[in-house]
2 protein chains.
Amino acid sequence: MIKKQLIMEKALELFAQQGIEATPVQQITDYCGISKGAFYLSFKSKDELIIALIDHFMIQIIADIDYMVKNTENDAELLYTFYYTTFHSFHKHSDFAKIFIKEQTQSFNEELIVKIHYYDRLMEGIILSLIERLYGEKVENTKYDLIYCIKGLMNSYSALFLFNNAPLNRELLCQSLVEKTNLLASHTSVPFITREDFQMLKHPIKEEITKEQIIEMIEQISKEIEEPLEKESLILLKQHLVEPTLSPAIVKGLLENIRKHPHCKWVSYLLFRYYEIE
Amino acid sequence: MIKKQLIMEKALELFAQQGIEATPVQQITDYCGISKGAFYLSFKSKDELIIALIDHFMIQIIADIDYMVKNTENDAELLYTFYYTTFHSFHKHSDFAKIFIKEQTQSFNEELIVKIHYYDRLMEGIILSLIERLYGEKVENTKYDLIYCIKGLMNSYSALFLFNNAPLNRELLCQSLVEKTNLLASHTSVPFITREDFQMLKHPIKEEITKEQIIEMIEQISKEIEEPLEKESLILLKQHLVEPTLSPAIVKGLLENIRKHPHCKWVSYLLFRYYEIE
DNA sequence: TTGACAAATGACTTATTAGTCATTATTATA
DNA sequence: TATAATAATGACTAATAAGTCATTTGTCAA
């Protein structure tokens with residue numbers, strides 16, 4: 001166990017300096033003063049080490065933030081506390097934060113992507129609950145959009161101090177972000193991300209979605225929908241998926257029927273893709 | 001020349017799908033239907049291909065944006081035009097945009113970092129001139145900060161449609177960003193990034209800065225400064241660097257004297273680092 | 001048709017790295 | 001102290017990939 005921790009610490013340092021890909025296991029073990037074989041007694045593979053690192057730190061960071069948010073009674077301080085805790089955590093684990101931000105878009109390892117996605121969703125959940133608590137009904141239509149604004153601003157400023165070694169006045173940064181968040185929350189009238197978009201993004205598109213998955217999705221949506229036009233269009237589209245009988249023009253028309261309904265956005269997008277590729 | 005273009009096109013596709021690191025030259029040449037040797041007749045190395053790609057597309061993207069900004073007479077449309085052109089360009093060159101966003105933080109190739117940094121600065125310059133034109137004097141103290149807000153928001157939303165294949169209503173996105181930008185520009189009172197920070201970030205810190213470089217920097221700043229307290233403190237600190245004579249307490253005090261002066265922020269940070277490491 | 005030149009090839013060299021496993025060292029136990 | 005069990009080693013294998021160069025193929029003018 002102690003060996004495992006040693007490897008994780010040293011690897012983290014090297015990863016942050018050189019990147020994960022560019023750091024061979026041999027270098028990690030040299031840096032630890034152990035043999036290569038010893039590494040594989042602690043971790044089945046290099047990938048397992050990476051996953052372990054992400055879990056270890058993300059759990060800490062998320063737990064810190066979650067704890068602070070849940071234990072801040074005073075709403076006036078809440079936003080400031082949130083930002084402060086987050087940046088404090090990023091700073092404390094800056095080596096990890098660097099890796100995480102880098103691999104967020106870079107990685108092609110399936111398991112890693114899933115992991116990163118998972119923690120990203122957790123963060124979004126925290127931000128959303130924070131927004132709801134602070135602004136309540138007022139942001140009903142803009143809250144999902146606001147999440148992406150907050151994430152964008154946090155990313156921009158994090159990158160600044162993580163990758164430029166710029167001196168950081170954390171208090172000022174948090175004050176500044178609190179002001180910006182309040183501004184955006186109270187005055188935004190044209191949100192880009194709607195509740196439906198947000199739902200969509202929870203199920204990120206696989207490279208290929210099968211016909212069966214689309215059918216299943218249609219069946220579920222049909223139940224939730226009242227409007228007869230959209231409902232009938234959906235049912236026809238489903239039948240056409242099971243056994244193609246309709247002409248392209250009719251299909252296109254049906255797609256047009258459902259495209260504007262908020263619950264059908266995702267499905268209509270998938271169907272457009274499906275028929276375009278076919 | 002045509003061969004070069006073929007390679008660039010095909011490589012771009014593969015890079016966007018799999019990442020640069022994960023795409024061997026052999027795969028590129030197979031995909032082009034040429035031999036490995038032929039690749040090396042067009043490009044001296046894989047790195048040269050990457051640089052060529054970045055130059056090719058960044059020049060196009062920046063030129064597009066710059067042209068639109070310069071040729072939009074009506075200020076009311078300017079911001080919208082800027083966002084629209086940018087996202088249009090990103091969409092048009094989405095394979096490249098993906099690579100660029102990924103490698104922005106990931107890359108460890110020195111030449112690549114310099115390239116990316118260069119184009120990033122160009123973008124910042126365009127954004128700055130746009131802000132100055134639109135808001136003028138009103139944002140004198142917040143304009144540098146505003147750049148990072150805009151970049152953050154743009155990044156956040158770009159990642160969304162680049163990596164999630166989300167369907168994009170570009171008009172709505174741009175409207176939304178115009179509103180947000182106007183909000184932030186007209187109401188921000190607590191900027192985080194000041195003019196001085198912005199200057200600093202232009203010269204990103206090397207891993208190690210030598211004593212000589214700090215001395216040189218102090219000499220230059222001394223000339224620009226009027227205030228006697230800061231000026232004298234700087235001179236004493238310089239002498240102490242040349243030949244250490246002062247006690248740690250005195251040095252600390254002198255650093256405290258200069259730390260708040262806007263022109264000394266950078267130097268005081270470097271000195272803090274310097275004495276901490278020593 | 002031929003010879004000279006250029007273009008293209010792909011087997012080969014060199015280098016790197018993840019992961020293995022027979023061997024050795026260490027520790028615990030009787 | 002002897003023996004068994006456990007931990008650690010690092011030379012080795014297999015795989016991958018960048019870049020080279022002797023050889024082949026194609027082109028075109030004489």
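Worth saying up front: this structure is predicted, and the values here are computed from it rather than measured. Naming: A, B, ... by sequence-line order, numbering from 1 per chain.
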Rounded to whole Å, CG of A:Leu49 lies from C1' of C:dA18 at a distance of 13 Å

A:Ile28 atom CD1 is separated from C:dT17 atom C1', nearest whole Å, by 12 Å

Quick test of your reading of the model: are A:Asp120 and A:Lys151 salt-bridged, counting only N-O distances below 4.0 Å?
yes

Separation of C:dA8 atom P from B:Phe43 atom CZ, nearest Å, is 14 Å

*Assign the ring pair B:Phe161 / B:His91 to parallel, tilted or perpendicular, where the plane angle (0 to 90°) is split at 30° and 60°.*
tilted

Its contact letters, B for base, S for sugar-phosphate only and - for none at protein heavy atoms under 4.0 Å, make nucleotides 7-19 of chain D read -BBB------SBB

Exercise. Any idea how A:Phe198 and A:Tyr148 line up, ring-wise: parallel (<30°), tilted (30 to 60°), or perpendicular (>60°)?
Worked result: perpendicular

B:Leu6 CG to C:dA8 C1', in whole Å, measures 14 Å

Problem set entry | Note, A:Ile65 side chain near A:Met123 side chain (heavy atom, < 4.5 Å) | yes

What one should report as the nearest heavy-atom pair of A:Ser89 and A:Asp64 is OG-OD2, 3.3 Å

Would you please classify the geometry between the A:Phe87 ring and the A:Phe90 ring as parallel, tilted or perpendicular, with 30° and 60° separating the classes? perpendicular

